[in-house]
Amino acid sequence: MSVAAPPEAQLAATGDVTVLGAARAYLEKVRAGDVGSLPVVFGMVIITIVFTAKVSVFFTAVNFNNLIVQMAPIALIAIGVVFVLLLGEIDLSIGFVSGLGGVAVAWFQDPGTGHHVPGGVAIALAIGLGALIGLFQGSFVALVGVPSFVVTLAGLLAWQGVIIKWIGSQATIGIQDKYVNDMANYFFTRTASWVIAAVISLGFALTTFAGLMARRRAQLPIGNPALSAIRVGFVTAVTFGVTAISNHDRGLSLAGLIVVAMLAFWTFVARRTTFGRHVYAVGGNAEAARRAGISVPFIRIAVFMISGAMAALGGVLFAARLGGVDLSVGGGSTLLDAIAAAVIGGTSLFGGRGRVVAALLGALVIRTIANGLGLIGSSSATEFVITGAILLAAVTLDTISRRRLERSGR
Amino acid sequence: MNETSPTLQLRGVSKAFGSVQALQDVDFEVRDGEVMALVGDNGAGKSTLIKSIAGIHPFDSGEVLFDGKPVQIHGPKDAARLGIEVVYQDLALCDNLDVVQNMYLGREAHDVIFRLKETEMERRTAETLQTLAVTTIRSTRQTVATLSGGQRQSVAVARAVMWNSRVVILDEPTAALGVAQTRQVLDLVKRLGQQGLAVVLISHNLYDVFEVADRITVLRLGRVVGVFETAQTNQQEIVSAITAGKATKISGPGDAGVEA
Ligand SMILES: Nc1ncnc2c1ncn2[C@@H]1O[C@H](COP(=O)(O)OP(=O)(O)O)[C@@H](O)[C@H]1O
Ligand SMILES: [Mg+2]
């Protein structure tokens, strides 16, 4: 089964309708080059257990909420990375594009200057700027044929320069706008949090159910309904679990909700629209896609625009969390964290294989390690080494799975 | 003399890649319900010919007629609109996608907001495979990466005939297959002809060609050597045409060779 297909269709490919059959189907999927999210979920559980045993403050509601807000910008940027990796391309500019998004939103909302616009407009302008940068870079890749590695490496340098020039004289721009700040600092009331949890769980359950019913009406195999029930049960448990913990502190964060909303939206785009299907096709076999009449340049440019826009949105959350931007915005480990997140989450570097949710899973792993090590009091040196090792493990898994595929002559 | 015009006809088409003249002044035709074989040595220009017909890279000069009317093919979409479908030598399937997704690649059924009609596509895929008696594929939701060579070829052929196509072109469909799978694919090719499609079969294997083809066009170094009726020729004659470029006999219901 293909990760490009909706889950209900993937389950149908199981053929064998037992849970054991589903396990066998998973192995088959791994053999077909798709590692999936199981290793990273497993890793996440281990990481959580280790840190909980080591530091008492790790598994607390306050730290939990902090962790989600820290993770949110990386997860958002990584969503764009997933799309770029699905194409088999790379975008090295996302760090400083996110920085530019932060600078743009800070600059536009700045009351001290003549261009003071409402927070919502400033956010939209920042995202638009990111998309525009993606259009520019993507055009070089798609229309001229310059390798994305080089185009976006040039972007990495150039956008950093633009950032320094833009905020150069002031050195920092603070964010006063309430709406912009809320992006990282707003928490829902406890009641609202429960309602949100209910809506998310119910929405997921209904979507799953509707998918199964549509197949049944069309008299197509639906696999084992128990597997769908397990999925719904899992998502419901996680949603309410997260809400319960968050409600011990300030409640659900708006930042976390933005991540969930973006995951839902982009998962829909990737799996249930023609555009998403074409992204997977171009990443799997660009020549086949071209012969099938798909406009490969259009798909490439659009994906780089998604990457730019999501990077800028992530940058807005970064800036909101820090209350402003300075000359270092978008630098540091932003770029590598976002790419590592997508890859650790299970997106193949070879194109055509991966899910949007990988962005969340990978970002969780990376930020949890950083957060936990910070609480233990380890240096950032340890964090770099451990994150690097996990990244290497993820890519190794991906490569081995891919090599098996080639050896079987397909 | 056959009065109806050929389904697809090329008149004096040429194609060069830089200094390599891949096709020169080529005439070619295929009719409804006919299997036309296209044979020639490596580099004779067979793949180039069909890629140009499919709109992958246009001819430099010459005329393309469909049902007797001149047409322009500028891209894969133009060819598809006319009902010309190609099964490429390098299969042009996406390994990471499943059977349904490959069958509908680039032509997905969708609603106004571009949401895929997944169930409709899956059902029609199953139906098409059934009509073509392709029974070895366990689930249409398997990724193509997990299929055998013969199964992949069947998917590629099924994709080509699903679209009310008129002309189906197969480039070396049996080249990479074992005996049993070759059998399957040849049967499939015969069935396409019997269903009234105009079929173009490119093959190196003259046994295959003589088994399924009604006529044979021989290409050599980018030029047509001749068009032969399978029933009135033999392998020796074809081999000498392929290697030495000797056309001893030119025939066919449309007398394409004579018109040229
Ligand atoms: N894309 C291309 N660029 C340059 N030369 C090509 C290209 N495609 C084919 N050719 C050349 O055109 C000639 C015919 O090739 P082809 O059509 O593949 O032959 P066949 O399929 O009959 O073996 C060969 O000399 C080949 O090298
Ligand atoms: Mg060839």
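Throughout, a chain's letter reflects where its sequence line sits, starting with A, and its residues are numbered from 1. These figures come from a predicted structure and were not determined experimentally.
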Is there a side-chain contact between Arg290(A) and Ile56(B), using heavy atoms and a 4.5 Å cut-off? yes
Considering all heavy atoms of both residues, which atom of Arg141(B) and which atom of Ala5(A) are nearest to each other, and what is their separation? NH1-CB, 4.0 Å
Atom CD of Gln101(B) and atom NE2 of His278(A): how far apart are they, to the nearest 0.5 Å? 10.5 Å
Other residues, nucleotides and ligands only: do more than 12 of their heavy atoms fall within 6.0 Å of CD on Glu120(B)? yes
Please check if the number of heavy atoms outside Phe114(B) that lie under 6.0 Å from its CZ is greater than 12. no
Do other residues, nucleotides or ligands put more than 12 heavy atoms under 6.0 Å from Phe209(A) CZ? no
Closest non-hydrogen contact found for Tyr280(A) with Asn96(B) is O-ND2, 3.0 Å
Minimum heavy-atom distance between Cys94(B) and Ala281(A), given as atom pair plus value: SG-O, 3.4 Å
Can you tell me how far apart CD1 (Ile294(A)) and NZ (Lys77(B)) are? Round to the nearest 0.5 Å. 8.0 Å
Separation between CD1 of Ile113(B) and OG1 of Thr274(A), rounded to the nearest 0.5 Å: 10.5 Å
Should the heavy atoms of other residues, nucleotides or ligands under 6.0 Å from CZ of Arg115(B) be counted, would the total exceed 12? no
CG-CG distance between Asn285(A) and Asp95(B), expressed to the nearest 0.5 angstrom: 7.5 Å
Less than 4.5 Å to any heavy atom of chain B: does that hold for the side chain of Phe275(A), its backbone, both, or neither? neither
Working for side-chain contact (heavy atoms from CB on, under 4.5 Å), residues Lys51(B) and Arg291(A): CA-CA 9 Å; Lys51(B) 278 181 186 161; Arg291(A) 290 184 196 173; 3.9 Å; yes
Side-chain heavy-atom pair Thr273(A), His110(B) within 4.5 angstrom cut-off: no
Reported CE-to-OG1 distance for the pair Met213(A) and Thr119(B), which is rounded to 0.5 angstrom: 12.5 Å
Arg216(A), CZ: over 12 other non-hydrogen atoms inside 6.0 angstrom: no
Mind listing the closest non-hydrogen atom pair of Leu97(B) and Ala4(A) along with its distance? CD2-CB, 3.6 Å
Do the side chains of Glu118(B) and Arg277(A) get close enough for a salt bridge, i.e. N-O under 4.0 angstrom? yes
